[in-house]
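To keep things clear, I will list the structure first and then write my remarks on it.
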Amino acid sequence: MRVLITTMPAPTHLTPNVPLAWALHNAGHEVVVAGHPSMTEQINAAGLTAVPLGTNVDIPAAVQATAADERLEAITEALAIDPADSDMRGHIRNFVLAAFTLYYCDEPVGAGGRAFGEDLVAFARTWRPDLVLWDPLVLASPIAAREAGAAHARVLWGLDRMGWLRRRLLDGLARAGHEGGQDLIRDLMQPTLDRFDHDFDEELLVGQWTVDLMPPRLAKPVGLRTIHLRRVPYAGPTVRPGWLDEQPKRPRICLTLGASGRTFFQENHRGISIPDMFEMFAGMDVEVVATLNDVQLADVGTVPPNVRTVDYIPLSLLLPTCAAIIHHGGGGTYAAAAAHRVPQIVFPKHFGDFLDNARYVAERGAGLNIDAKRTTTHELKSQIQQVLSDPSFAQGAADLYEEMLGTPGPNEIVPVLERLTARHRASAAARTDR
């Protein structure tokens, strides 16, 4: 079958899909990946066929431009999120809902928003995929699938915020009754749907089914058909550095603050600064490999002799040599640490799934969830020593690894995708025949 994968213009949205794309390819299916032109190099570097569509979009500028969008504000208010939970509100408003403006508005925010969606539909009409696997934020994907008569499913790289918010809005509409409620999301989408002569239904938001790369225990109950998939760490092609072959003389710690922050929202870690952290490391009997770029190191005066800075190295190469990892709570970093049974010290960013990942690591006994805003370097030093010396954290990391292995891998779910694709395509054909 032909499989079309869609991705947002962000490498961290592409990489979770790569092992599944290759599993489909190795099973004999034809796979292409559609993204903005800025993603072409990354898609090709993964050994996949790129379909560049639309023009490049400045994601931070596009998000900022939605600040005055009253439609998104109205939807956010209708969700009745706890006012004290500013992190959840900000994530829903400025990340999940902001994605609508790239595909569902008369005047798209950010260059290439509507152009990408229309190009995607045109490509699907021509190439005729059997299955569309779509990034949950590339909301033009299900329209393209319908135009091609294809089955379609979301591939979640984080918690199902769209499923959660849609369930919450529907519950609110049910309580209000037909006369007392207004489906604000449907109203937002309808002008674009009219242009393509499609009626609104729930599949346009949550797919015909969902492939979920998050740990099953973290999944939110949203009442949708879900296939759980083990997240196989992938970071792209590289060259293995020779120093990795040298056995560390002291416990090695990896420090990383994530790739997505480098790409879109450059900032050093809030709370304990990187210079303060380096000063702390200088007084410890450890070896540190800090994967930081020039911007993140800008305020660092002297790098201690027991700290090695590298702009980039795949965690799959580094982590097998490490006794612990300090990180920001990103899903890819969490999965890589779990895959290599490395205890985690997580300073979660107050945004998205970072807090959820950090809490999960701590609850499973695989590490510590640290509040960077309230933790001193003295306390952090003690916490690092605790993780290195207490064998319960290594056991917790091993348990997390075993739990991960209990979730089917990419090769295992390919037959499931084949069956679901055949079923949904047959249903669509039957509806057309009637």
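Heavy-atom basis, side chains included; hydrogens, waters and symmetry copies ignored.
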Report yes if some heavy atom in the side chain of [X] is under 4.5 Å from a heavy atom in the side chain of [Y]; otherwise report no.
{"X": "L20", "Y": "I413", "answer": "yes"}
{"X": "L156", "Y": "V211", "answer": "no"}
{"X": "V361", "Y": "Y334", "answer": "yes"}
{"X": "W209", "Y": "L224", "answer": "no"}
{"X": "V51", "Y": "F123", "answer": "yes"}
{"X": "L137", "Y": "F100", "answer": "no"}
{"X": "I370", "Y": "I272", "answer": "no"}
{"X": "P304", "Y": "V307", "answer": "yes"}

State whether [X] and [Y] are salt-bridged, where the test is any N-O pair (Lys NZ or Arg NE/NH1/NH2 against Asp/Glu carboxylate O) under 4.0 Å.
{"X": "E363", "Y": "R217", "result": "no"}
{"X": "E118", "Y": "R195", "result": "yes"}
{"X": "E73", "Y": "R93", "result": "yes"}
{"X": "D285", "Y": "R250", "result": "yes"}
{"X": "R186", "Y": "E202", "result": "no"}
{"X": "R167", "Y": "D171", "result": "yes"}
{"X": "D187", "Y": "R71", "result": "no"}

Kindly say whether [Y] contributes a backbone atom to a donor-acceptor pair with the side chain of [X] at under 3.5 angstrom?
{"X": "N44", "Y": "L48", "answer": "yes"}
{"X": "T333", "Y": "G329", "answer": "no"}
{"X": "R341", "Y": "A394", "answer": "no"}
{"X": "R364", "Y": "L400", "answer": "no"}
{"X": "E379", "Y": "T376", "answer": "yes"}
{"X": "N369", "Y": "A362", "answer": "no"}
{"X": "N306", "Y": "V286", "answer": "yes"}
{"X": "W22", "Y": "A46", "answer": "yes"}

From CA spacing to verdict: side chain to side chain donor-acceptor pair (under 3.5 Å), D212, T210 = CA-CA 6 Å; D212 193 348; T210 298; over 6 Å; no

message = If the condition is side-chain contact (heavy atoms from CB on, under 4.5 Å), which residues does S38 pass it with, not counting sequence neighbours?
response = P9, H36, N56

task = Using only heavy-atom distances, determine whether the side chains of T66 and D69 contain a donor-acceptor pair under 3.5 Å.
result =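 Side chains of T66 and D69: no pair found under 3.5 Å.
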
inquiry  = Show, in sequence, the C-alpha distance, side-chain angles and deciding distance for E30 and H25, and conclude whether the side chain to side chain donor-acceptor pair (under 3.5 Å) test is met.
reply    = CA-CA 6 Å; E30 188 176 355; H25 172 83; over 6 Å; no

task = Report the C-alpha separation of D135 and R154 in whole Å, then their side-chain angles, then the decisive distance to 0.1 Å, and conclude whether the salt bridge (charged side-chain N to carboxylate O under 4.0 Å, His left out) test is met.
result = CA-CA 6 Å; D135 186 312; R154 297 178 302 157; over 6 Å; no

message = Tell me the closest heavy-atom pair linking D160 and G163, and the distance in Å.
response =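 Smallest interatomic distance, heavy atoms only, reads OD1-N, 2.8 Å.
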
request  = Please name the pair of heavy atoms, one in L318 and one in C254, separated by the smallest distance, quoted to 0.1 Å.
outcome  =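 Scanning both residues, the minimum pair turns out to be CD2-SG, 3.6 Å.
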
ask   = So E279 and T302, side-chain contact (heavy atoms from CB on, under 4.5 Å) or not? Walk me through it.
value = CA-CA 9 Å; E279 184 178 346; T302 303; over 6 Å; no

query = Would the F347 and H327 ring centres measure less than 6.0 Å apart?
reply = no

message = Walk me through whether R161 and D353 qualify under salt bridge (charged side-chain N to carboxylate O under 4.0 Å, His left out).
response = CA-CA 9 Å; R161 304 297 188 189; D353 302 324; 3.2 Å; yes

Rounded at 0.5 Å granularity, tell me how far [atom1] in [X] sits from [atom2] in [Y].
{"X": "Q344", "Y": "L319", "atom1": "CD", "atom2": "CG", "value": "9.0 Å"}
{"X": "I253", "Y": "C322", "atom1": "CD1", "atom2": "SG", "value": "8.5 Å"}
{"X": "I75", "Y": "R166", "atom1": "CD1", "atom2": "CZ", "value": "9.0 Å"}
{"X": "T256", "Y": "H328", "atom1": "OG1", "atom2": "NE2", "value": "6.5 Å"}
{"X": "I325", "Y": "R252", "atom1": "CD1", "atom2": "CZ", "value": "13.0 Å"}
{"X": "L24", "Y": "L133", "atom1": "CG", "atom2": "CG", "value": "6.5 Å"}

message = Run the salt bridge (charged side-chain N to carboxylate O under 4.0 Å, His left out) test on E77 and R89 for me, step by step, so that the C-alpha distance in whole Å, both residues' side-chain angles and the decisive distance to 0.1 Å come before the verdict.
response = CA-CA 9 Å; E77 291 302 318; R89 190 187 193 286; 2.5 Å; yes

ask   = Which of these passes side chain to side chain contact (heavy atoms under 4.5 Å, CB included) with L257: I326, L292, N293?
value =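 Of I326, L292, N293, side chain to side chain contact (heavy atoms under 4.5 Å, CB included) with L257 is met by L292 alone.
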
request  = Using the side-chain contact (heavy atoms from CB on, under 4.5 Å) rule, take I274 and D299 through it: C-alpha gap first, then chi angles, then the decisive distance, then the call.
outcome  = CA-CA 8 Å; I274 292 174; D299 297 330; over 6 Å; no

task = Report the relative orientation of the aromatic rings in H13 and W157; use parallel for angles under 30°, tilted for 30 to 60°, perpendicular for over 60°.
result = tilted

query = Parallel, tilted or perpendicular: which describes the rings of W134 and H152, with under 30° parallel and over 60° perpendicular?
reply =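 Tilted, since the angle between the ring planes falls between 30° and 60°.
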
query = Is there a side-chain contact (heavy atoms from CB on, under 4.5 Å) between T309 and L297 once you walk through the steps?
reply = CA-CA 9 Å; T309 62; L297 292 170; 4.1 Å; yes

task = Might you work through the side-chain contact (heavy atoms from CB on, under 4.5 Å) test for V414 and H29, ending with a clear yes or no?
result = CA-CA 10 Å; V414 168; H29 302 298; 4.2 Å; yes

